[in-house]
Number of protein chains: 2
Amino acid sequence: MDSIKPEDRRKSSETFKEFLAQKGLRVTNQRTAIFDAVFNQEDHFTAEDLLDFSREIDRSVSRATVYRTLPILTEGGLVKEIDVGRDYKFYLANRGQKTEQAQVICLDCEKIFEIEAPFMEWYARSVAQKVGLEPVSQRLQVHARCIRLKEGGSCPNRESH
Amino acid sequence: MDSIKPEDRRKSSETFKEFLAQKGLRVTNQRTAIFDAVFNQEDHFTAEDLLDFSREIDRSVSRATVYRTLPILTEGGLVKEIDVGRDYKFYLANRGQKTEQAQVICLDCEKIFEIEAPFMEWYARSVAQKVGLEPVSQRLQVHARCIRLKEGGSCPNRESH
DNA sequence: ACTAACTTGAGAATTAATCTCACTTTTCCC
DNA sequence: GGGAAAAGTGAGATTAATTCTCAAGTTAGT
């Protein structure tokens, strides 16, 4: 089920065209397909996932173009890149969330949760100041176990894998 | 200059033998060389660095053995593995520091600082609780810029690269 | 010393990501 | 609209850290 309203998607698509124009980049079918595929996803996805999703929209999209487009999107702030230490990266459509988010990674179901982490910037600043540095960005990752599983229950997301 | 006292190194080496024995693993020249190489390093190092350092002690150490030994050391808590999102990992001899440390990565000199981050475990717990999870480990990484460089000075560690 | 089990080195394999280059497509100026 | 320069693309080769394979070498009890 897709919870993004059609009008939102159209609006985002306009934003994308403006975004490309402003960067002096051309609007191509492939880039549009990739962009649409990104904003169809509610959850985290890998580059390979995105290739599949994009190809459902435009069969001609190649792996190379996905890998070329992702940095454009992340540098433009439209996509968030998440590295949880596996040998591939995750990505997430940026729908204007707070910047103060932590990744909580469930070791039972492998799911990644984006959770609000209030004062994280302030906290990072207080740490960086100890060595005379000024934060540009920060990330907090928490590897965790499901409490319900521990209590003899089952991890609610376990079946998704 | 090496600031580790000889008696400390010997003691650590004993610890290593006990550690291997306890895990049912054999004491080999290669493992000992790698272990010694690890505890010769004050700073972060890569697997490739460690291969070089180990070979200075025992010429026969191979890349495969370094890569095989590192997980033994990290799982045993003797070495800390640090992934700052590059395509290779860093490692650091664990000399019994606090677990509450953040990595502050200077974008000007590339140096990684291990900085005390008080209450990080408590903070991670409060974040993970929001989705019914219990932290197993957490890591905070702060990408930052040198304040002195910004003020027209130079990053004090710049020359190390 | 003997031997079964464990380790090792060298190089092949893996795999996410990047690069190359000949071929398309877009843009924009007329 | 038409045409050319510049930008973008697909397919497949390449890269590089890490992992795997397997024959040969070591270790640790007996």
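Below, chain A is the first sequence line, B the second, and so on; all start at residue 1.
Every side chain to side chain donor-acceptor pair (under 3.5 Å) that A:E48 has, sequence neighbours left out, goes to A:R63. For A:E81, the side chain to side chain donor-acceptor pair (under 3.5 Å) criterion is met by no residue, not counting sequence neighbours.
In 5' to 3' order, the nucleotides of DNA chain C bounding all contacts with chain B (an atom under 4.0 Å from a heavy atom) are C:dA5 to C:dA10.
Between B:V104 and A:L133, some side-chain heavy-atom pair lies under the 4.5 Å cut-off. Contact of the A:E42 side chain with the A:R95 side chain is registered, since non-hydrogen atoms from C-beta on lie closer than 4.5 Å.
Scanning residues 64-71 of chain A for heavy-atom distances under 4.0 Å to DNA chain C yields A:A64, A:Y67, A:R68. Interface residues of residues 43-57 of chain A facing DNA chain D, ordered by number: none; criterion, heavy-atom separation under 4.0 Å.
Taking atom CZ on A:R26 and atom C1' on D:dA5, their separation rounds to 8 Å, with Å as the unit. Rounded to whole Å, the distance from CD1 on A:I72 to C1' on D:dA7 is 11 Å. B:Q30 places its CD atom 9 Å from the P atom of D:dT26, with the value rounded to the nearest Å.
Using a 4.0 Å cut-off between charged side-chain N and carboxylate O, B:D43 and B:K111 make a salt bridge.
By the 30° and 60° cut-offs, the orientation of the rings of B:F35 relative to B:F16 is parallel. Ring geometry, B:F90 versus B:H44: the interplanar angle exceeds 60°, so the pair is classed perpendicular (tilted spans 30 to 60°).
There is a side-chain donor-acceptor pair under 3.5 Å between B:Q103 and B:E114.
Once rounded to the nearest 0.5 Å, the distance linking CD of A:Q41 with CG of A:D36 reads 11.0 Å.
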Check residues 27-34 of chain A and write down every donor-acceptor pair under 3.5 Å in which the side-chain atom is one partner and the other belongs to a residue at least two apart or another chain.
| residue | atom | partner | partner atom | Å |
| --- | --- | --- | --- | --- |
| A:T28 | OG1 | A:R31 | N | 3.1 |
| A:R31 | NH1 | A:R26 | O | 2.8 |
| A:T32 | OG1 | A:T28 | O | 2.8 |

